[in-house]
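For reference, the structure is listed below as structure tokens.
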Amino acid sequence: MNESSPEIILALDLEDRQQIKNVLDKTDERLSWVKVGLQSFLRDGTPLVHELADSGKKVFLDLKLHDIPNTMAKALESLAGLPIGMITLHACAGPEALARCSKFAKDTMPEVTLLGVTVLTSTNQEGLEATGVKGPIDEQVVRLANLAVNQGIGGIVCSPLELPRLRQVLPESTTLVTPGIRPANSDSGDQKRIMTPREAKGAGANYLVIGRPILAAPDPQSAFNAIWEELNN
Ligand code: C5P
């Protein structure tokens with residue numbers, strides 16, 4: 001059982017910068033983390049990250065880097081100095097790339113937590129086998145999570161249903177970040193492997209990535225408050 005409450009990270013999956021500003025204007029400072037993914041970063045670039053940081057938010061940059069070791073390390077070098085707190089890379093990039101990235105981050109951006117992405121939640125058993133990987137998905141998730149952590153990667157992004165298993169096998173200090181969160185009675189959308197905020201807390205999550213349950217709510221602040229209350233009271 002996780003003692004402390006996980007933090008909420010709002011996924012800024014929105015069409016433009018104005019929409020991002022509008023939703024942030026409607027939420028208060030208890031929302032301290034936001035996630036910038038490829039959609040927003042490729043469109044708005046580093047100025048968006050600076051703007052968010054200047055407004056007091058901590059930024060999780062979800063770029064899911066995956067390339068040869070040198071290119072991944074150089075990509076991190078290009079991001080050094082950006083005001084971010086977490087960034088994702090694919091664990092299947094392999095031990096050398098992960099080790100290079102974690103060494104670079106420790107030396108140059110020690111305040112940034114690198115997060116390993118294991119098997120994307122959009123991948124099913126058939127899709128995994130089509131890439132040549134045999135065996136159950138959850139074994140591949142554990143294999144990649146161990147690989148990442150053994151190379152010094154500080155955290156893992158996982159589906160909520162993988163939390164209990166990963167909490168069992170990974171060092172306690174590993175940061176676990178999970179999307180696929182739906183408050184009770186809310187619309188699950190395209191997310192299938194879901195948990196409520198409270199369930200994910202009990203399963204050991206440190207951070208909950210939440211998008212549509214807040215973004216699509218008539219009143220984003222009330223939606224945030226309800227989730228916050230569920231986690232903290
Ligand atoms: O709107 P929703 O709460 O489903 O948003 C979840 C966020 O987490 C989205 O930005 C989505 O891309 C991201 N994500 C996910 N599943 C993963 C990895 C990231 O839903 N395995």
* To do: Decide yes or no for Leu48 and Phe41: does some side-chain heavy atom of the first lie under 4.5 Å from some side-chain heavy atom of the second?
  => no
* Asked: Does Lys64 use its side chain to pair, donor to acceptor, with the backbone of Leu38 at less than 3.5 Å?
  -> no
* Could you grab the distance from atom CG of Asp62 to atom CG of Leu115, nearest 0.5 Å is fine? => 8.5 Å
* **Main-chain N/O of Ala105 paired with Thr108 side-chain donor or acceptor, under 3.5 Å** => no
* **Considering all heavy atoms, the nearest Pro6-Ala205 contact** => CB-O, 3.5 Å
* Asked: Is there a donor in the side chain of Ser5 and an acceptor in the side chain of Lys201, or the other way round, less than 3.5 Å apart?
  -> yes
* State, with a plain yes or no, whether a side-chain heavy atom of Ile214 is found less than 4.5 Å away from one of Ile227. => yes
* **Leu52 CG to Lys58 NZ distance, which is reported to the nearest 0.5 Å** => 14.0 Å
* Kindly indicate whether the side chain of Pro183, heavy atoms from C-beta on, has any atom under 4.5 Å from the side chain of Thr196. => no
* Should the pair Glu172-Arg167 be classified as a salt bridge under the 4.0 Å nitrogen-to-oxygen rule? -> no
* Structure fact -> For Ala223 and Ala217, the nearest pair of non-hydrogen atoms, with its separation, is CB-CB, 3.6 Å
* **Sub-4.5 Å side-chain heavy-atom contact between Thr131 and Thr123** => no
* Evaluate the criterion side chain to side chain contact (heavy atoms under 4.5 Å, CB included) for residue pair Leu161 and Met195; output intermediate values, then yes/no. => CA-CA 8 Å; Leu161 303 190; Met195 272 191 188; 3.9 Å; yes
* Under 4.5 Å between any side-chain heavy atoms of Asn124 and Leu128, yes or no? -> no
* Heavy-atom check, side chain of Glu129 versus side chain of Glu126, under 4.5 Å -> no
* For Ile181 against Ala200, the heavy-atom pair lying closest together -> CD1-CB, 3.6 Å
* Asked: For Ala148, does its backbone N or O pair with a side-chain atom of Gln151 as donor and acceptor, under 3.5 Å?
  -> no
* With no hydrogens and no angle check, do the side chains of Asp13 and Gln39 hold a donor and an acceptor under 3.5 Å apart? -> no
* Asked: Among the clusters formed by ILVMFWY side chains lying less than 4.5 Å apart, do Phe224 and Leu208 turn up in the same one?
  -> yes
* Asked: Between the main-chain N or O of Glu15 and the side-chain N or O of Gln19, is there a donor-acceptor pair closer than 3.5 Å?
  -> yes
* Asked: Within a strict 4.5 Å, meaning less than it, do heavy atoms of the Val209 and Val177 side chains meet?
  -> yes
* Identify the two heavy atoms, one from Val157 and one from Thr118, that lie closest to each other, and give their separation to 0.1 Å. => O-OG1, 4.0 Å
* **Shortest non-hydrogen contact from Val49 toward Pro83** => CG1-O, 4.0 Å
* Asked: Is Leu12 reachable from Ile210 through a run of hydrophobic residues whose side-chain heavy atoms are each under 4.5 Å from the next?
  -> yes
* Is Glu96 atom CD crowded by more than 12 heavy atoms from other residues, nucleotides or ligands, each under 6.0 Å away? -> no
* Asked: Between Leu89 and Val117, is any pair of side-chain heavy atoms under 4.5 Å apart?
  -> no
* Output yes when a side-chain donor or acceptor of Ser40 lies under 3.5 Å from a complementary backbone atom of Gly37, and no otherwise. => no
* To do: Not counting sequence neighbours, list each pair that qualifies as a ring-ring contact (aromatic ring centres under 6.0 Å, His included) and has a residue in residues 67-110.
  => His66-His90
* Spacing of Phe60 atom CZ and Thr88 atom OG1 [to the nearest 0.5 Å] -> 5.0 Å
* **Heavy-atom closest pair, residues Leu163 and Cys158** => CD2-SG, 3.7 Å
* Would you please say whether a donor-acceptor pair under 3.5 Å links the side chains of Asn225 and Glu229? => no
* Asked: Between the main-chain N or O of Asp138 and the side-chain N or O of Glu162, is there a donor-acceptor pair closer than 3.5 Å?
  -> no
* Donor + acceptor pair across side chains of Glu7, Ser32 (<3.5 Å) -> yes
* Structure fact -> Exactly one candidate in Leu76, Ile68, Asn70 meets side chain to side chain contact (heavy atoms under 4.5 Å, CB included) with Arg100; the answer is Asn70
